[in-house]
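Have a look at the structure below, then the notes.
Start at 1 and go down the list; that is how both ligands and their atoms are numbered. Numbers for residues simply follow the sequence, beginning at 1. Note that the structure is a prediction, hence the values are computed from the model and not measured. Below, each value reflects all heavy atoms present in this structure, side chains not excepted, and no hydrogens, waters or symmetry copies.
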Amino acid sequence: MRRVLNAVLIVVIVIAATAMVRFAGFGAALDRFLLEARFLADERPVTGEIVLVEIDARSLEQLGVWPLPRRLFADLTDKLSAAGARDIVFDVDFSAISNPENDALLAEAFERAGTVSLAVFRQSATAGFETGEVTNQPIDELMNVTWPVVVMVPMEKDSRIWRNLYGFEIDGTAELSAAALLGEHTGSTAGAFWLDYSIAVSRLERISLVDVLQGKTPPGVFFEKKVIVGASAQELRDLFPVPVHEILPGSMIQALGAETLLQGRALEKGGEWIAFTAALAVFVLLLLLTNVEGWAVKTAILALCAVALELVAISLQKSFPVIVPTASAHFVLLMAAASVVFRELGLHKLLSHIATIRQRNSERMLGLVFDDSFDGIIVVKSGGLVSAANQTARTLFQCDDLVGRNARQVLPAELVEEALAVLAAPPAGKPVPSIIEAAQIDGKRRFIEYVVTRSERTIANSARSKKVRTQAVACLTCRDVTLERESVERLSYLARYDAVTGLENRNGFEEKLEQVIVSAQATGQDLCVIQFAIVNLDQIIASLGFSYGDQLRHAIAVRLKNHPAQKAHWAAISADVFACVLDWQPDLEFGVIETVKQVVAEDYNIEGARISVQLNFGFVVTDNPASAEDLLRKSGNALARVRRDSQSQTLAFRPELDEQLQRRRLLETELFKAIGRDEIHLAYQPLVDLSDNSVIGAEALMRWHHRELGPISPMEFVPIAEENGYIVELGAWALNRGMKEALSWPSPLRLSVNISAVQFSRGNLVATVKEAFERTGFPSARLDLEITESLFIDDDLDLEFRMQELKALGCSFSLDDFGTGYSSLGYIPKYSFSKIKLDKSFVRQSISNRQDITVIEAVLHLANGYDMSVVVEGIETAEQADKLRQLGCQIGQGYLFGRPMSASSLSAHLANAA
Ligand code: C2E
Ligand code: MG
Ligand code: MG
């Protein structure tokens, strides 16, 4: 019952839908399509009763004029009559008067022929034959002797000519159409009939007008024939769009109409409802039929029905002049097929099929994303079964078949425990990443960062059941962070340890010191912090390269670590300084430092190079350590002091060192301001000829009288200025000031100015001296530059060159403080000094010491050999002066002859002496 009701409902819907389709014009269009196909599928011969005389392009060309003179048509009519034509229809416009003579000739010819019909039409009849504006008919003169025939053709919605008229009412009189006349139609003149385009109009006899006029027609061609005279030339525009042939001239359409009627093929539409009902019946039957299963079978049946319906329509049209419009029936069958597909497949099935495809696509895409993910992803179900794992996870855990395995067997225990915990109870708050050390691969440590999240998925209770339940899964996202971890560890290692020696660096040592201090404070233990520096590390690196420097430091660290004498904690606190902290045992005293010195100072053999190290030690011992920084500063101060003052190699921190250091810092800052504040001046100490005690020159000695600190010795501030480079400015100032003041002396004495080694290495001494000469006008020959042996410690090639340049300017060199420093004498001949100044340390209370006398004699001997004079410094007593005079010394300097004095005092001194 339900099925029947459904069927009825569907039938109603189908009828309504069909009506809509027809209303929209789709039905008529399909019908026309099918009708044209049927025409094409059939071909009917022509009767041969109709002959066309065409005003074709050739006729126009040969006759050369349009409209043709009517006498030609008269001639044509006569010729056609003479040839036995039965009926002559002119589809030619004779509605205008041409010339009375020709018109008369034509009228006479028509009259003679007797069976001539002329075209009558309504001007607008091509658009719609029911209405028309103007009746176009031949002039009366011609109408009187002929029959009118209608030649308009109705146009369908597709702008083609499918039908022809039986006739038309013109001016109240029903007139036959040309087709009806020639087709011997005897019935009503009303209405139209469908043309049978299966009649082969192309086979109609068609003769060119010009051929008829010239008598070139085959004999008997017009005999007893119905002749239509009409235009086929394109220029005359009597052409219409038609089915099957695309375009036909109006006269041909009339000829086709005549043939259609003559052959009894005036087509009528019919059977549409029968076809529609039959299709509907098939549809209903299929709906009700239960024993035909499957949408494919049913649609096949429907397709066969459609084909059968069309075959019946074709054969009916072939046998009878009937057109069966089957479009509605086909539409019904199509809808039946659609409904079968939907019913059988079910709309929801179709939609779910589409959804499945979409889901499959998105699953495939997600699968790709999942597998290509940079992170390893593993899904674990409750119970610990791995339900999914991507490629990265498989690689990460070195397991190709993670899926389906128990997580406990294949994943690190911490990870599994966390996953199971998350499954058991949803975690509160955001998941936090953790790092675990995973099983080693190839002996290398591996660190894996992971995060566990919980998600719930919906699953069906069973394959057939619609009921669903939710299942919690744990999702493990993990990545290998070994490299990051290692670099973090390396960074934190480097923050505390020295990369080359593996010992703690300054940071690490300070931390260690703090700990040691805390426990020392608790136990009352005295602490000792020792620092030692590899004094010659820079030279070693400069001559052998950095890699030797590194290897040396490493080797020193190895010796320190392996040195069992004392339980000391060693660190490498800077490139060349090592430090240690140890519990101070009073009885050990310097013994510790001595053993370390022995162990470390022994020569090193690095890549075949024998390396000797020079070591300086500074240390601090305290029973009340303040802080790590304090201990490092104090031991560092002691070391710095040793490094500056090479008299000893080891120094313990004393509170004065701190004070000295502070004073040194203070002087350093104050010194920069000294010239500007005019606190610097020069004192001059006379140099005398020992033979007669006459003053031969003076040495300029720098003096600094600080506004608050008072006089500061050059022994104190010159080394500071040398260390920070300010000596370059100070030295230049001394040169200029010395020359300027010496010019005011009463006699042209020699001037000695002290020059520091730093002035050679950092400043442009040659330019400075040259400028001073130019600025002051001091004669260069009176200048002695005093330099010390320290200048020759480094074998500097430039030095020789610069000294030559200075000599070229005119000045001389004195070798100051001779005998105190450098032991080599090889440089003396090389640099050709004019004077050697023997250091005051050789001039003791009474020069009785045999060794001193030997040295003095040797120096005198050396000086003689190289044509140099000897100046003896520090002569304080007449006794010393006598003794030196006896030994053969020529020049002396010392308090005996005059203390360093101001320029004005020197001038007064010289004036007194004179
Ligand atoms: P120096 O060039 O050897 O100067 C001689 C030092 O010996 C001077 O000390 C002088 O005052 C001192 N002296 C002279 N006669 C006697 C004596 O009979 N007995 C004793 N005990 N000492 C005597 P001063 O002026 O303190 O200078 C010390 C050093 O400072 C100089 O030694 C020199 O190396 C340096 N100096 C001084 N002025 C300058 C300067 O303008 N430039 C540079 N680069 N160094 C300078
Ligand atoms: Mg000097
Ligand atoms: Mg000196």
Specify the closest pair of heavy atoms between [X] and [Y], including all atoms of both residues, with the distance to one decimal.
X: E722; Y: A757; answer: OE2-N, 4.5 Å
X: L765; Y: Q759; answer: CB-O, 3.8 Å
X: Q893; Y: E699; answer: NE2-OE1, 2.6 Å
X: L730; Y: M702; answer: O-CE, 3.7 Å

| message | So is P900 touching ligand 1 or not, going by heavy atoms under 4.0 Å? | response |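 Per 4.0 Å heavy-atom rule, P900 contacts ligand 1.
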| query | For R703, is the nearest heavy atom under 4.0 Å from an atom of ligand 1? | reply |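 Distance cut 4.0 Å: R703 passes for ligand 1.
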For [atom], which of [options] has the closest heavy atom?
atom: atom 5 (C) of ligand 1; options: I727, I680, V872, L701; answer: L701
atom: atom 44 (N) of ligand 1; options: V753, D839, V843, N754; answer: N754
atom: atom 22 (N) of ligand 1; options: W704, Y895, F717; answer: Y895
atom: atom 20 (C) of ligand 1; options: Q759, Q893, E876; answer: E876
atom: atom 1 (P) of ligand 1; options: D816, L682, L730; answer: D816
atom: atom 36 (N) of ligand 1; options: S841, P714, P686; answer: P714

[X] contact mode with ligand 1 (heavy-atom cut-off under 4.0 Å):
X: R899; answer: neither
X: E699; answer: side chain
X: I875; answer: backbone

Just checking [X]: does its [atom1] atom have more than 12 heavy atoms from other residues, nucleotides or ligands closer to it than 6.0 angstrom?
X: H681; atom1: NE2; result: yes
X: K807; atom1: NZ; result: yes
X: R885; atom1: CZ; result: yes

| field | Stepwise salt bridge (charged side-chain N to carboxylate O under 4.0 Å, His left out) test for E786 and K837 | value | CA-CA 9 Å; E786 290 196 10; K837 293 186 80 173; 2.5 Å; yes
Starting from [atom], find the nearest protein heavy-atom neighbour and note its residue, name and distance.
atom: atom 7 (O) of ligand 1; answer: K840 NZ, 3.1 Å
atom: atom 38 (N) of ligand 1; answer: M702 N, 2.9 Å
atom: atom 15 (N) of ligand 1; answer: Q685 NE2, 2.8 Å

Between [X] and [Y], do the side chains contain an N or O donor and an N or O acceptor separated by less than 3.5 Å?
X: Q890; Y: S869; result: no
X: D603; Y: S612; result: yes
X: K835; Y: S752; result: no

| Does the protein place any heavy atom closer than 4.0 Å to atom 41 (O) of ligand 1? |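 Within 4.0 Å of atom 41 (O) of ligand 1, protein heavy atoms are found.
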| said: I'd like to know if atom 9 (O) of ligand 1 has any protein heavy atom within a distance of less than 4.0 Å. | reply: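 So far as the 4.0 Å threshold goes, atom 9 (O) of ligand 1 is out of reach of every protein heavy atom.
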| request: Determine the interplanar angle of the F717 and W704 rings, folded into 0 to 90°, and report it as parallel if under 30°, tilted if 30 to 60°, perpendicular if over 60°. | output: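 It falls in the perpendicular class, over 60°.
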| query | Once the angle between the rings of F578 and F532 is folded into 0 to 90°, is it parallel (under 30°), tilted (30 to 60°) or perpendicular (over 60°)? | reply |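 Plane angle under 30°, so parallel.
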| message | Using a 3.5 Å distance criterion without hydrogens, assess whether the side chain of Y604 forms a donor-acceptor pair with backbone atoms of L552. | response |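 Not at all, since once roles are kept as given, no pair shorter than 3.5 Å links the two residues.
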| request: Sum up the protein N, O or S atoms located under 2.8 Å from the Mg ion (ligand 2). | output: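 Protein heteroatoms (N, O, S) closer than 2.8 Å to the Mg ion (ligand 2) number 4.
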| Does the side chain of I787 come within less than 4.5 Å of F833's, by heavy atoms? |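 They are in side-chain contact.
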Of all the atoms in ligand 1, which lie at a distance below 4.0 Å from a heavy atom belonging to [X]?
X: S756; value: 44 (N)
X: M715; value: 28 (C), 29 (C)
X: D817; value: 3 (O)

